[in-house]
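Input: a single structure, listed below in C-alpha cells.
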2 protein chains.
Amino acid sequence: MDALDILVKHDIKPSLQRLAVMEYMLTHFTHPTVDEIFSSLSPSIPTLSKTTIYNTLSLFEEQGVVLYLGIDKKNARFDGNTSHHAHFRCKNCNAIIDIFNQKPEDVVLEGHPELVIDDVQTYYTGYCKNCKK
Amino acid sequence: MDALDILVKHDIKPSLQRLAVMEYMLTHFTHPTVDEIFSSLSPSIPTLSKTTIYNTLSLFEEQGVVLYLGIDKKNARFDGNTSHHAHFRCKNCNAIIDIFNQKPEDVVLEGHPELVIDDVQTYYTGYCKNCKK
DNA sequence: AATAAAATTGTAATGATTACAAATGTAATT
DNA sequence: AATTACATTTGTAATCATTACAATTTTATT
Ligand SMILES: [Mn+2]
Ligand SMILES: [Mn+2]
Ligand SMILES: [Zn+2]
Ligand SMILES: [Zn+2]
C-alpha cells in the first residue's frame, strides 16, 4: 500500500506536501526528526516550510498514520511503522532501533480495569553494537 | 531509608537544597515537574533557584536516585521510586499513574544480544477513571 | 584567618515547538 | 470564466522549558 492509498483511506487530502512526507515516512524507517524530514524534502520542494512538516506530522499522528516517539529528550521522533513494536535508543550515537520481538503487554490491563488504554510505548536505553565498550 | 541516607549512600553531598529535593521526591510520588518541585519548596527556602532544581535532579538522575520520565511532551517528570514499574498518562488531565503489575520485559534481550540495555521505560496513554467517557 | 573547592544563584542564551495572519491553492457556484 | 468559499501552505514572531555561564555564597582545608 503506497502513500496515496494510506492518505485517502484516512480521509487526508493528498496534497503535494503531504504525499511527500508520507512517502518519506514509508521509505525511511529511521524514526526521523522534523529537521531531518525537512532537510531531505526541501531541495525537491523549494517552497516547503518547516511549519508544514509540523502540521502534517501532527495531522498524521491524529489520524494514526504515523507514531510519535518521545524517546529522544531533544527532538520529537516519528515512525511510519505503526505496528506494535518497541524502541531502543543508544545513549552514545542516539540511533533508534526497532525491537520487534516483544510480548504484548496487554496483560497489564488486568490489573487496571479502570483505565482506558489507547497506546503503549516501550523505550529501551543503552548502547548499540557500535558504541558498546 | 530517609533522604539523608540515600544521598550519602550515593556519594551526594547533602546540602540543604539537595536534602529538600530528595525529601520531596520521597514524599510525593506524583511524578512532579521541575516547576512543581520549585513551587513547593520555594516558600520554605526563599533563596532557592530553579536552576538548582534542574542541577539537583540532573545529579540525582546520574546517580540513579531518581528516574527521568519522558512521558510528558511538555515537561520533564521525575520519579523518586526507582523500582521497576511502568507509567500511564491520562490524555485529558495529564495525571501520571504507576503501573506496578507488569511482567519484566527482559525476555526482549534474547532477540538483541548485540545491545547493552541499561534502562526500560514503558509508557501507557489513555484516559483515567475520572476522565473516561 | 586565608585559601581553595564546591554549590547555589540570577540572568541571559538556546532552540524546538506553537501561534497566527497573509498568501496560495483548490473546489464549488453562478 | 469569473467569483466566492474553503483548505492548505508559508513566513515570521512568540512561547517557554531547558541550558550555559559568570558571579556570589557556602563549605572544607591549610
Ligand atoms: Mn520503529
Ligand atoms: Mn512511578
Ligand atoms: Zn550507538
Ligand atoms: Zn484523567
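Letters go in sequence order (proteins before strands), and every chain restarts at 1.
Contact annotation: A:T52 side-chain N/O to D:dT10 OP1/OP2 distance is under 4.0 Å.
We find that CG of B:D35 is positioned 8 Å from C1' of D:dA17, with the value rounded to whole Å. Separating the CD atom of A:E36 from the P atom of C:dA16 is a distance of 12 Å, rounded to the nearest angstrom. Atoms CG (B:L59) and P (C:dA6) sit 13 Å apart, rounded to a whole Å. For A:F78 and C:dA16, the CZ to C1' distance is 11 Å, given to the nearest whole Å. In this structure, A:E62 places its CD atom 11 Å from P of C:dT18, rounding to the nearest Å. In this entry the distance linking CZ of A:F38 with P of C:dA16 reads 13 Å, nearest Å. Regarding B:D72, its CG atom lies at a distance of 14 Å from the C1' atom of D:dC16, rounded to whole Å. Note: CD1 (A:I53) to C1' (C:dA16) measures 15 Å, nearest angstrom.
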Review point. Would A:F100 and A:N81 satisfy side-chain contact (heavy atoms from CB on, under 4.5 Å), going step by step from the backbone distance to the final call?
Key: CA-CA 11 Å; A:F100 288 110; A:N81 178 2; 3.5 Å; yes
Check your understanding: Which is it for B:R89 and B:D72 under the salt bridge (charged side-chain N to carboxylate O under 4.0 Å, His left out) test, yes or no, and what are the steps along the way?
Key -> CA-CA 8 Å; B:R89 183 177 59 82; B:D72 189 335; 5.4 Å; no
Review point. What is the per-nucleotide protein-contact pattern of nucleotides 19-28 of chain D, from the 5' end, where B denotes a base atom under 4.0 Å from a protein heavy atom, S denotes such proximity for sugar-phosphate atoms only, and - denotes neither?
Key: BB--------
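When every heavy atom of B:A76 is checked against every heavy atom of B:F78, the shortest pair comes out as CB-CE1, 3.9 Å. Closest approach of B:L48 to B:S42, counting heavy atoms only: CD2-N, 4.1 Å.
In the region residues 16-33 of chain A, proximity to DNA chain D at under 4.0 angstrom, judged on heavy atoms, holds for A:Q17, A:R18.
When the side chain to side chain donor-acceptor pair (under 3.5 Å) test is applied to A:D35, the partners found at least two apart in sequence or on another chain are A:K50.
Note that the CG atom of A:L67 and the NE2 atom of A:H85 stand 7.0 Å from one another [nearest 0.5 Å].
Judged purely by atom type and a 3.5 angstrom limit, A:K132 uses its side chain to pair as donor or acceptor with the backbone of B:E114. Put simply, the side chain of B:S39 never gets that close to the backbone of B:E36: no donor and acceptor are under 3.5 Å apart.
In this pair, B:H31 and B:H87 present their aromatic rings perpendicular. The plane angle is above 60°, beyond the 30 to 60° band.
Using a 4.0 Å heavy-atom distance criterion, A:S15 is classed as a sugar-phosphate-only contact.
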